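Being a predicted model, the structure only gives us computed values, none of them experimental.
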Amino acid sequence: MLNHQPLGKSAPSIFSTKVHFLLLLIASTTCFCQDKEEWHVRDVTVASFFDPGISYEKSIGKFQTLYAQAFAGLSFFASYSPEYGIKSDVYFDPGVTLQYRYYYNFKGREARGKYTEMNSLNYVSAVVGTVFSAGGITENDYTDERRLVTMVGAVWGFQRNYRKRFSLGINVGPGLGFGKASVYDHSGTLTSKTVSRFTLISNTSLGFWLNKRDE
């Protein structure tokens, strides 16, 4: 003869187990979601000594920032001709740049235990910048006067803002530069006109981040 337990005694035990499991699942999911929400970029201010300047990065969404920098870019120019020999010059070009950055490797660096604070990540970025340049836009630019040169492009880069405030940033990518140049036309007359050329956009920044440590 089978020994059946009354339903009134066994049902509460099964129901209680299911409720506890459901509550545990909800709690685990909630904690997981809270951890996900902690993955974010932040506002960062950096003073750089190479190229000299200051930058401000503003968080505008998950893994997205707007980056603005005012700087004095170091430029080096060198040329050679049989008539004039070697000609070289070193000068600073004041300028500004604006970038939209998307940081793509936050989760990967977190999973490997890498440092990610202060947006110490890799990114891709759309770039637009203007410099007040003393150098020629093209090889046939004969003006010695400074002029505005604008560059637009896309870059890949990374930055590391270390715990002891040291900041390192590097980016590189293709771009298009354009501005006024003095060139000889087909009749041999020196004229001023807008010219453009494809170029390589690159930047190396060394400096110190200025945020409060307890932010």
Side-chain angles (χ1 to χ4, degrees), residues 40-79 89-106 118-161 167-185 190-207 209:
H40 64 280
V41 290
R42 58 179 296 179
D43 301 349
V44 179
T45 303
V46 174
S48 55
F49 53 83
F50 182 86
D51 294 319
I54 190 163
S55 66
Y56 178 68
E57 188 172 9
K58 175 67 178 177
S59 172
I60 59 171
K62 194 171 185 180
F63 312 134
Q64 303 172 69
T65 66
L66 283 180
Y67 173 94
Q69 182 188 31
F71 62 91
L74 177 64
S75 297
F76 175 77
F77 168 80
S79 64
D89 197 7
V90 177
Y91 47 86
F92 285 92
D93 288 339
V96 295
T97 186
L98 179 65
Q99 301 179 18
Y100 162 78
R101 291 182 174 182
Y102 176 74
Y103 291 98
Y104 63 86
N105 69 331
F106 200 114
M118 305 293 294
N119 307 349
S120 297
L121 304 162
N122 299 3
Y123 62 87
V124 290
S125 174
V127 181
V128 59
T130 298
V131 294
F132 195 48
S133 178
I137 301 174
T138 68
E139 295 179 357
N140 298 322
D141 187 358
Y142 292 93
T143 183
D144 291 328
E145 297 179 356
R146 286 186 177 270
R147 86 301 302 276
L148 292 177
V149 177
T150 300
M151 288 175 287
V152 294
V155 299
W156 171 89
F158 71 88
Q159 72 173 353
R160 300 293 184 264
N161 291 313
S167 177
L168 166 66
I170 296 176
N171 60 54
V172 62
L176 177 68
F178 54 90
K180 289 287 186 179
S182 296
V183 298
Y184 287 99
D185 61 19
L190 189 64
T191 60
S192 178
K193 67 176 185 178
T194 299
V195 298
S196 62
R197 69 170 182 177
F198 288 102
T199 186
L200 182 69
I201 298 175
S202 64
N203 176 260
T204 299
S205 176
L206 303 175
W209 55 268

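For the pair V41/L121, a side-chain contact is recorded, criterion being any heavy-atom separation below 4.5 Å from C-beta on. A heavy-atom distance below 4.5 Å is found between the side chains of F71 and V131. With a 4.5 Å cut-off on side-chain heavy atoms, F92 and D51 do not count as touching.
Side-chain rings of Y103 and Y123 approach one another, their centers coming within less than 6.0 Å.
Going from atom OG1 of T204 over to atom CG of L206 covers 7.0 Å, rounded to the nearest 0.5 Å. Taken to the nearest 0.5 Å, the NZ atom of K62 stands 9.0 Å off from the OH atom of Y102. One distance of note links CZ of R160 with CE of M118; it measures 13.5 Å at 0.5 Å rounding. Rounding to the nearest 0.5 Å places OG1 of T65 at 7.0 Å from CD1 of I60. To the nearest 0.5 Å, the span separating CG on N203 from CD on Q99 amounts to 7.5 Å. Rounding to the nearest 0.5 angstrom, the gap separating the OH atom in Y104 from the CG atom in N122 is 4.0 Å.
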Kindly indicate, with the supporting measurements, whether the criterion side-chain contact (heavy atoms from CB on, under 4.5 Å) is fulfilled by F178 and V149. CA-CA 6 Å; F178 54 90; V149 177; over 6 Å; no

Between D43 and S59, is a side chain to side chain donor-acceptor pair (under 3.5 Å) present by the stated rule, with each step listed? CA-CA 5 Å; D43 301 349; S59 172; 5.0 Å; no

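The two atoms that bring A68 and L98 nearest to each other are CB-CD1, 4.2 Å, heavy atoms only. Here the closest heavy-atom approach between residue N161 and residue S167 is recorded as OD1-OG, 2.6 Å. Shown here for S192 and K180, the closest heavy-atom pair between the two residues is OG-CD, 4.1 Å. Contact record, T199 with G177: CG2-N, 4.2 Å, taken as the closest heavy-atom pair. Taking each heavy atom of Q159 and R101 in turn, the nearest pair found is OE1-NH1, 3.5 Å. The nearest pair of heavy atoms linking S196 to L176 is CB-CD1, 4.1 Å.
More than 12 heavy atoms of other residues, nucleotides or ligands lie within 6.0 Å of CZ in F49, so this atom counts as buried by the packing criterion.
Judged as a salt bridge (charged side-chain N to carboxylate O under 4.0 Å, His left out), and not counting sequence neighbours, the contacts of D93 are R146. Residues that satisfy the side chain to side chain donor-acceptor pair (under 3.5 Å) test with Y100, not counting sequence neighbours, are Q64. With sequence neighbours excluded, no residue satisfies side chain to side chain donor-acceptor pair (under 3.5 Å) with Q69.
F158 pairs with exactly one of N119, L168, N105 by the side-chain contact (heavy atoms from CB on, under 4.5 Å) rule, that one being L168.
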